[in-house]
Amino acid sequence: MSQPQDNPLLNGLWKENPTFVQVLGMCPTLAVTNSVRNALAMGLATTFVLVCSNGLISMIRHQVPKQVRIATYIAIAATAVTVTDYVVKAISIDIYKALGPFLALIVVNCIILARAEAFAAKNSVGRSLMDGLGNGLGFTLGLTLLGTVREVLGAGSFLGLSLFGPHFEPWVLFLLPPGGFITLAAWLLIFAWYKERKTKPAPSAQDLLDARS
Amino acid sequence: MSSIKIIRYLGLISLICGVLIVGAKVLTEDRIRVNQEIINRDSIAQLLPGADKQLTFIVQPSGELAPLTNVDAKGQKLFAGYDKSGKLLGLVFEASERGYGDMISALYAYDPGSKTIIGFTVVEMKETPGLGDKIGKDPDFLANFRKLDTSKPILAVKHGTKKNPWEIDAISGATISSRAVGRMLQKSIAEIAPIIERNRQIIERGNK
C-alpha cells in the first residue's frame, strides 16, 4: 500500500480516500449523509477517533502481543469513541441526537481497524497521526460530497439555508436510503472515471505498450 | 509470549482505557447537564412566548401536584410559565406516541383557562425525512396548534378537510405521522386535564 516516502496526510485525503478509493465505512456513509451538517459532524467525529486511536496504537505498537492485537485495537477504538461521545454531547446535544446510534458505531467502522492494522501498527507515532488525520478528513470529504448532493436535491438547501426559494419541489427520494445508494454510485463513477483518465494520459495505447517493452 | 504476560498486558490496557473514559465523563458531566437544561428551557420559552418565570411541578402517584425538588425524580413533569406580574401563561407537558418510524416525543403547551392547546414542538423523532418529519417544521401543520380545542377528542383529519376547532389538518403525504400527533395529544390531555383541574390553585398561585 503506502510507500514510506509518501505523504500519509495526502494519501488518506485523496489518493487512498476511504470513501471513494478504499470504499470503507459504507454504513455511516449511506446512513448519515442526508444533510451536510450531519455529514460534517459524523466525518469530524470519526476523524477525532481515528487520530486518537492511530496515535495510541502506534505508541504501543512494539509492546502489543500479536495474538491479542485486534482485541487491543478494539479496546482503544472503543475508548476513543466513548470519549468522543461525551465531548460531542458537551458541545451540542442537537448534533448528538442527529448522529444517533452512528456515533457509537464508529467503534466498528472498518476504517478504524483498517488504519490500525495497515498503518499505525507499522509506522511511527507522527506518521500514524498524520495518517489518521488524512483518512479522517478524506472520510469527511466523502461524506460531505454525498451530503451536499443529497441535501441540495432532496431538500433544496445547503447547511439548512434554502437555495431555491419556497416554490422548489424537493426530490425527496434523495433523502431516503435509495438516494444514498444512487448518490454514492454517481460519485464512485466520477472518481473511477477521473482515475482512469489520469492513469491513461494523452499518449495513445501504442505508445504505452512501447514504453513498457 | 506466555499467557500470564498476555493477561497482564490486557489488564493494563483495560485499566488505561477505563481511566481515560472516567476522566472524560467527569470533565464533561456538568457541561452536558447545562446543555440539556438550556434545550429544555429554550423549547419551553418558545412554546410560551413572554414567559418570564418557569416553575416545574411533578405529578405524585396520588394524583397531586408538587413543586419539583429532586431533578432526577420519576414521573410526569409539568412546566408552568408565568409572565412578569406572575400571571399563568400556560403549561407545558411532555408526550410521546409511536409514529411511522419510531417513538415521536414532543412538548406541547396548554392553556387551562380556555382549555386549548397553544403550542407544539417535536423533541425527538425518526420519521421519514422529507415526508413524516414535516410534523416538526411545516408551518401550516404547526398552525393547527395555535388554538386547538380540547373539549372534544382531538382528531387528525385528511389535509384540507379541517372544519372544527378540535381537528388537526394533517399533512398530505404524512398522514400516519399527523395521526400519531393527534393520538399523542388526545391521550396526554385525557390523562392530564383532570389532574390540572384538581390542582388549578397550586398552579395558578405559582410561588407568589
Side-chain angles (χ1 to χ4, degrees), chain A residues 31-35 38 52-53 56-57 59-60 63-98 100-101 150-151 153-157 160 166 169-177 179-180, chain B residues 1-43 100-103 105 122-134 136-140 171-174:
Chain A
V32 297
T33 53
N34 52 23
S35 77
N38 288 0
C52 292
S53 75
L56 286 168
I57 286 164
M59 233 181 271
I60 57 161
Q63 280 83 48
V64 186
K66 77 172 188 311
Q67 298 94 322
V68 293
R69 65 183 197 284
I70 301 287
T72 310
Y73 299 160
I74 291 183
I76 290 174
T79 307
V81 166
T82 312
V83 171
T84 313
D85 196 86
Y86 288 129
V87 172
V88 171
K89 241 194 264 180
I91 293 171
S92 161
I93 301 235
D94 279 338
I95 293 182
Y96 180 78
K97 277 187 186 151
R150 293 182 67 185
E151 194 182 331
L153 294 179
S157 61
E169 184 60 45
W171 207 353
V172 174
L173 175 76
F174 275 88
L175 294 184
L176 303 175
Chain B
M1 198 181 275
S2 74
S3 305
I4 297 288
K5 261 192 178 161
I6 290 180
I7 291 169
R8 207 190 302 152
Y9 164 81
L10 283 176
L12 186 70
I13 287 284
S14 313
L15 185 74
I16 297 171
C17 290
V19 168
L20 285 174
I21 290 173
V22 171
K25 176 154 176 69
V26 169
L27 285 176
T28 54
E29 212 167 26
D30 290 340
R31 258 313 279 284
I32 292 173
R33 191 169 328 117
V34 169
N35 276 350
Q36 192 69 59
E37 270 165 24
I38 291 175
I39 285 193
N40 275 347
R41 209 150 259 277
D42 282 357
S43 33
Y100 185 73
D102 199 348
M103 293 302 281
S105 65
V122 174
V123 177
E124 214 175 338
M125 64 172 162
K126 298 208 173 64
E127 302 300 282
T128 320
L131 295 168
D133 77 341
K134 281 191 189 159
K137 53 191 178 212
D138 188 284
D140 292 339
I171 303 169
S172 83

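In the text below, chain A, chain B and the rest are named by the order of the sequence lines, each starting its count at 1.
With a 4.5 Å cut-off on non-hydrogen atoms, A:Ala75 touches chain B through its backbone and its side chain both. Contacts between B:Glu124 and chain A at a heavy-atom distance below 4.5 Å involve the side chain alone, from C-beta outward. Neither the backbone nor the side chain of B:Val19 comes within contact range of chain A, judged by heavy atoms closer than 4.5 Å. Of the atoms belonging to B:Leu10, it is side-chain heavy atoms, and not backbone ones, that fall under 4.5 Å from chain A.
Between B:Ile13 and A:Ile60, some side-chain heavy-atom pair lies under the 4.5 Å cut-off. Taking the side chain as every heavy atom from C-beta outward, B:Thr28 and A:Lys89 never approach each other to under 4.5 Å.
Taken from CD1 in B:Ile32 to OG in A:Ser92, the straight-line distance is 11.5 Å, to the nearest 0.5 Å. Interatomic distance, A:Thr82 OG1 to B:Lys25 NZ, rounded to the nearest 0.5 Å: 11.5 Å.
Chosen from A:Asp85, A:Leu173, A:Ile93, the residue pairing most often with chain B at heavy-atom distances under 4.5 Å is A:Ile93. Looking only at heavy-atom pairs under 4.5 Å with chain B, the residue among A:Leu56, A:Thr72, A:Leu176 that has the most is A:Thr72.
Side chain of B:Asn35 to backbone of A:Ala90: a donor-acceptor contact under 3.5 angstrom is found.
A:Tyr73 OH: more than 12 foreign heavy atoms inside a 6.0 Å radius.
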side-chain contact (heavy atoms from CB on, under 4.5 Å) evaluation trace for B:Tyr9 with A:Val64: CA-CA 8 Å; B:Tyr9 164 81; A:Val64 186; 3.3 Å; yes
